[in-house]
Amino acid sequence: MTQSIGIARAHTNIALIKYWGKRDKELFLPMNSSLSLTLDAFYTDTKVVFDTELTADSFSLNQKEQSEKEIEKISRFLNLFREYIGEKRFARVESLNFVPTAAGLASSASAFAALALATASALQLDLSMEQLSTFARRGSGSSTRSLFGGFVEWEMGTCSEDSLARPIDPADWDLAMLVLAVDTSQKKVASREGMDHTVATSPFYQAWVDTAKADLAAIKKAIAERDFDKVGQIAEHNGMKMHATTLSANPPFTYWNAGSLLAQEAVRQVRQDLGVSAYMTMDAGPNVKVLCRASDVDKLVGALSQHFPADKIITSLPGKGASQLTEADWQASLERFGAGGQL
Ligand code: 2P0
């Protein structure tokens, strides 16, 4: 076959129990298991074409050809699949990120999950989603979890083959997430470097690993019982603990800025004023994400808008797992992107 095509969509995810630190940097094996919520509002569509006519891999993102450095990352990822089945052809990769630029969530999670599924589909690999997640993991740790929808656990595993994602719960019980987009510019400390530095230098790091295990067990129980407040409280505490490890790294650093603190304060104020449950989490950047009930979104957004710019509050419902797309779907994505659907 001269040409093999695969197209896929994957949504991004926000961790409620964070992945923060690798025990094997080459294989992307994490120090602790993590758990996330897949989001409906943010996703990546990717088309992969393996072709005997190609003389090198190429990669366009949002219809812009990417640098050698970016192509190299994609090639290394494609090599995992090529080596797995003895594939020799080069590939053309095209990706469209449907992530509101205002959200500051240009996520590697949806990107590598979509690329993994599109590649497996082009090469007609007979892999389960769990197995495919071990490939996605090698592109970016958080993408392991983006193969599935709802609440997803990434089990740390014992080796490359069993460090994989599993769906925990469809999250179809009145849940939503708000993104308070504090600052959407490029992050100063990439998460990869940030977590490595923290593992190497924070005296609090072992406490993070030890308590993350207990947090995971507790949140899984709370999810099974649909205990929203328990889920939110565990997530908020876990996220703050992750950020405490960066403050205690040497030299110290933080992903927060002054706007992050104001956004956090707004959430505390609003939940006190309204008496509505809403819980915060933050990742390797200054934006604040708020887990809340879908039925409380209007009330919360209305109240938060008194303290935070309304156009910087983005609402998402829980999202689905990664799926294959048809050529017609892809054409529709191109049109939507062209019409400003990326905003
Ligand atoms: C998470 N983050 O669990 C954590 C919380 C950020 C903070 O996964 O080196 O881009 O590619 O595996 O996946 C961001 O780290 O890092 C991340 P690599 P990744 O979502």
Side-chain angles (χ1 to χ4, degrees), residues 10-39 42 44 70 73-74 76-77 80 97 99 103-116 133-148 151-157 160 163-165 168 177 179 186-200 202 205 208-209 212-213 215-216 219 234-247 249 253-256 260 280-289 291 319:
H11 291 80
T12 196
N13 72 79
I14 299 298
L16 301 182
I17 304 298
K18 306 294 185 187
Y19 147 56
W20 195 242
K22 296 179 180 71
R23 66 183 196 274
D24 185 321
K25 291 185 209 170
E26 176 65 28
L27 294 174
F28 287 71
L29 297 177
M31 287 285 202
N32 62 281
S33 298
S34 55
L35 184 141
S36 58
L37 180 64
T38 300
L39 298 187
F42 316 111
T44 303
E70 294 304 315
K73 276 190 221 164
I74 299 292
R76 247 184 285 132
F77 187 70
L80 300 172
N97 257 338
V99 177
L105 287 176
S107 172
S108 56
S110 54
F112 281 103
L115 180 58
S133 76
T134 68
F135 283 82
R137 191 193 76 231
R138 307 274 302 269
S140 189
S142 50
S143 73
T144 313
R145 301 181 305 241
S146 270
L147 267 315
F148 294 103
F151 288 113
V152 183
E153 179 181 358
W154 170 14
E155 297 175 2
M156 63 186 286
S160 191
S163 184
L164 48 76
I168 293 294
M177 192 167 266
V179 178
Q186 198 78 9
K187 53 183 115 166
K188 290 189 186 73
V189 183
S191 43
R192 198 162 296 180
E193 282 72 46
M195 68 175 85
D196 289 353
H197 176 64
T198 306
V199 173
S202 170
Y205 188 74
W208 158 260
V209 173
K213 196 171 170 197
D215 289 350
L216 179 71
I219 207 168
I234 295 165
E236 187 165 301
H237 185 211
N238 182 270
M240 293 292 175
K241 283 191 285 184
M242 182 204 111
H243 288 277
T245 68
T246 74
L247 289 174
F253 70 105
T254 182
Y255 289 104
W256 300 3
S260 309
M280 293 179 267
T281 189
M282 291 181 65
D283 295 290
N287 303 322
V288 174
K289 292 108 185 186
L291 181 69

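Remember, it's 1-based here, ligands and their atoms both numbered in the order they're listed.
Where the criterion is an N or O separation shorter than 3.5 Å, residue side chain and backbone included, Tyr19 meets it with respect to ligand 1. Of the N or O atoms in Ser143, none lie within a sub-3.5 Å distance of an N or O in ligand 1. Considering backbone and side-chain N/O of Ser140, one or more are found under 3.5 Å from N/O of ligand 1. Ligand 1 has a nitrogen or oxygen under 3.5 angstrom from a nitrogen or oxygen of Ser142. Considering backbone and side-chain atoms alike, Met242 places every N or O at 3.5 Å or more from each N or O of ligand 1. At least one N or O atom of Lys22 sits closer than 3.5 Å to an N or O atom of ligand 1.
When each of Thr44, Asn13, Thr12 is checked for a side-chain hydrogen bond (donor to acceptor under 3.5 Å, both in side chains) with Ser110, only Thr44 meets the rule. Screening Asn238, Thr245, Thr281 for a side-chain hydrogen bond (donor to acceptor under 3.5 Å, both in side chains) involving Lys18 leaves a single residue, Thr281.
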Problem set entry | Steps toward side chain to side chain contact (heavy atoms under 4.5 Å, CB included) verdict (Asn32, Trp208) | CA-CA 9 Å; Asn32 62 281; Trp208 158 260; 3.3 Å; yes
For this session: Using the side chain to side chain contact (heavy atoms under 4.5 Å, CB included) rule, take Arg137 and Trp154 through it: C-alpha gap first, then chi angles, then the decisive distance, then the call.
Result: CA-CA 10 Å; Arg137 191 193 76 231; Trp154 170 14; 3.5 Å; yes
For this session: In sequence, state the C-alpha distance, the side-chain angles, and the governing distance for Lys241 and Asp215, and then conclude on side chain to side chain contact (heavy atoms under 4.5 Å, CB included).
Result: CA-CA 11 Å; Lys241 283 191 285 184; Asp215 289 350; 2.7 Å; yes
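One option in Arg138, Lys18, Arg192, Arg145 has a heavy atom closer to atom 1 (C) of ligand 1 than any other, and that option is Arg145.
Remark: ligand 1 atoms within the under-4.0 Å shell around heavy atoms of Ala15 are 1 (C), 3 (O), 20 (O). Heavy-atom proximity to Ser191, at under 4.0 Å, picks out these atoms of ligand 1: 10 (O), 14 (C), 15 (O), 16 (O), 19 (P). Interface atoms of ligand 1 facing Gly141, defined by a heavy-atom separation under 4.0 Å, are 11 (O), 12 (O), 13 (O), 18 (P). With ligand atoms numbered from 1 in the order given, ligand 1 contributes 15 (O), 16 (O) to contacts under 4.0 Å with heavy atoms of Met195.
Classified by interplanar angle (parallel below 30°, tilted 30° to 60°, perpendicular above 60°), the ring pair Trp20/Tyr255 is perpendicular.
In this structure, the side chains of Met282 and Met242 stay at 4.5 Å or more apart for every pair of heavy atoms. Residues Phe253 and Thr198 have side chains in contact (heavy-atom distance under 4.5 Å, counting atoms from C-beta outward).
Arg137 does not count as a contact of ligand 1, since none of its heavy atoms falls under 4.0 Å from the ligand. Within the structure, ligand 1 has Ser108 among the residues with a heavy atom less than 4.0 angstrom away.
Smallest separation of non-hydrogen atoms from Arg23 and Met31: CB-SD, 3.8 Å.
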